[in-house]
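Report on the structure given below.
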Amino acid sequence: MKVQARVESYRSKLQIAIDKIRRAEESEVDAADFFAHTPENVDQLYAKLLAFVASVKNPWLKRLLDGVVTDPEIVPRLKRAPAAKVMHHAYLGGLLEHMVSLCGLCRAVLTQYPEADPDLLLTGAVLHDMGKLEELSYERSLGYTDEGQLLGHILIEYESVARKIDALDGFPSDLKTLVLHMLVSHHGSMRLVRQNFPCSVRR
């Protein structure tokens, strides 16, 4: 509602006197004002994400990540999306906060496991929840889209990342397999993934 009012004193108590009231147009309201949101500055979080991507040395993985995190259709949603409905980072900007936090955790893990591939690890951290952009609805209320309910973020991101990879002519097939494996297995074993997403795993 759009309200024009004034504060008055009545019997030594403050009250609001409404002069005008009408239904607000959607363009006059930012739904984000009514949702919990990250306490972090999203532009600074995004800059940190770009810095992590810039640190990737493998040229194929760097091209893939650049193509995702700088996509003009993705960036505005990435800065706004929650990471979940209930579990972790379930607020606006939560997905970006989660991704940056996980990238930092990867850096810490690499100090204890130097044999791990840092570029592949960071790639998984950046891409593993990108399907949340399509899985979750957060315009009027925090919930799931039809696609999110029926497919889930793992299958959604598997197919979207596979398309990004296929658009990069010459992307090594073995590297593609490793990237997609990280996406489909990040919630559990391949056996469980095959039970839930048989079509996506066979592709």
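For the pair P118 and L110, the tightest heavy-atom approach, listed with the atom from each and the gap, is CB-CD1, 3.5 Å. Closest of all the heavy-atom pairs between P114 and T111 is CD-O, 4.4 Å.
Under the 4.5 Å side-chain heavy-atom criterion for grouping Ile, Leu, Val, Met, Phe, Trp and Tyr, L121 is not connected to L180 through any hydrophobic cluster. With hydrophobic clusters built from ILVMFWY side chains whose heavy atoms lie under 4.5 angstrom apart, V109 does not share a cluster with L61. I74 and L64 end up in the same hydrophobic cluster when Ile, Leu, Val, Met, Phe, Trp and Tyr side chains are linked at under 4.5 Å. Hydrophobic clustering places F171 together with L120 (ILVMFWY residues linked when any side-chain heavy atoms are closer than 4.5 Å, directly or through intermediates). A single hydrophobic cluster is seen to contain both L183 and I165, as judged by linkage of ILVMFWY side chains at heavy-atom distances under 4.5 Å, directly or through other members.
The CH2 atom of W60 sits 14.5 Å away from atom CG of D119, with the distance rounded to the nearest 0.5 Å. Note that the CE atom of M99 and the CG atom of L122 stand 11.0 Å from one another [nearest 0.5 Å]. Atom CD of residue E8 and atom CD1 of residue I16 lie 10.5 Å apart, to the nearest 0.5 angstrom. Rounding to the nearest 0.5 Å places CG of L50 at 11.0 Å from CG of L45. Atom CG of L65 sits about 8.5 Å away from atom CG of L49, to the nearest 0.5 Å.
Around CG of D169, the count of heavy atoms belonging to other residues, nucleotides or ligands within 6.0 Å does not exceed 12. In K48, the NZ atom is not crowded: 12 or fewer heavy atoms of neighbouring residues, nucleotides or ligands sit closer than 6.0 Å.
Contact of the L127 side chain with the Y158 side chain is not registered, since no non-hydrogen atoms from C-beta on lie closer than 4.5 Å. Here the side chains of V53 and T70 are not in contact, with every heavy-atom distance at 4.5 Å or above. Counting only heavy atoms from C-beta outward, the side chains of V126 and V56 never approach each other to under 4.5 Å. For the pair E157/S160, a side-chain contact is recorded, criterion being any heavy-atom separation below 4.5 Å from C-beta on. Counting heavy atoms from C-beta on, the side chains of D117 and T123 never come closer than 4.5 Å.
Sorted by first and then second residue, the salt bridge (Lys or Arg N to Asp or Glu O under 4.0 Å) pairs involving residues 63-77 (not counting sequence neighbours) are K62-D66, D71-K164, R77-E134. Among pairs with a residue in residues 101-116, none fulfils salt bridge (Lys or Arg N to Asp or Glu O under 4.0 Å), at least two apart in sequence or across chains.
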* Asked: Would V42 and L78 satisfy side-chain contact (heavy atoms from CB on, under 4.5 Å), going step by step from the backbone distance to the final call?
  -> CA-CA 9 Å; V42 292; L78 181 58; over 6 Å; no

* Does the side-chain contact (heavy atoms from CB on, under 4.5 Å) test come out yes or no for D166 and K176, once each step is laid out? -> CA-CA 9 Å; D166 291 341; K176 175 182 178 179; 2.8 Å; yes

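Both tests hold for K79 against Y46: distance to the six-membered ring centre under 6.0 Å, angle to the ring axis within 45°.
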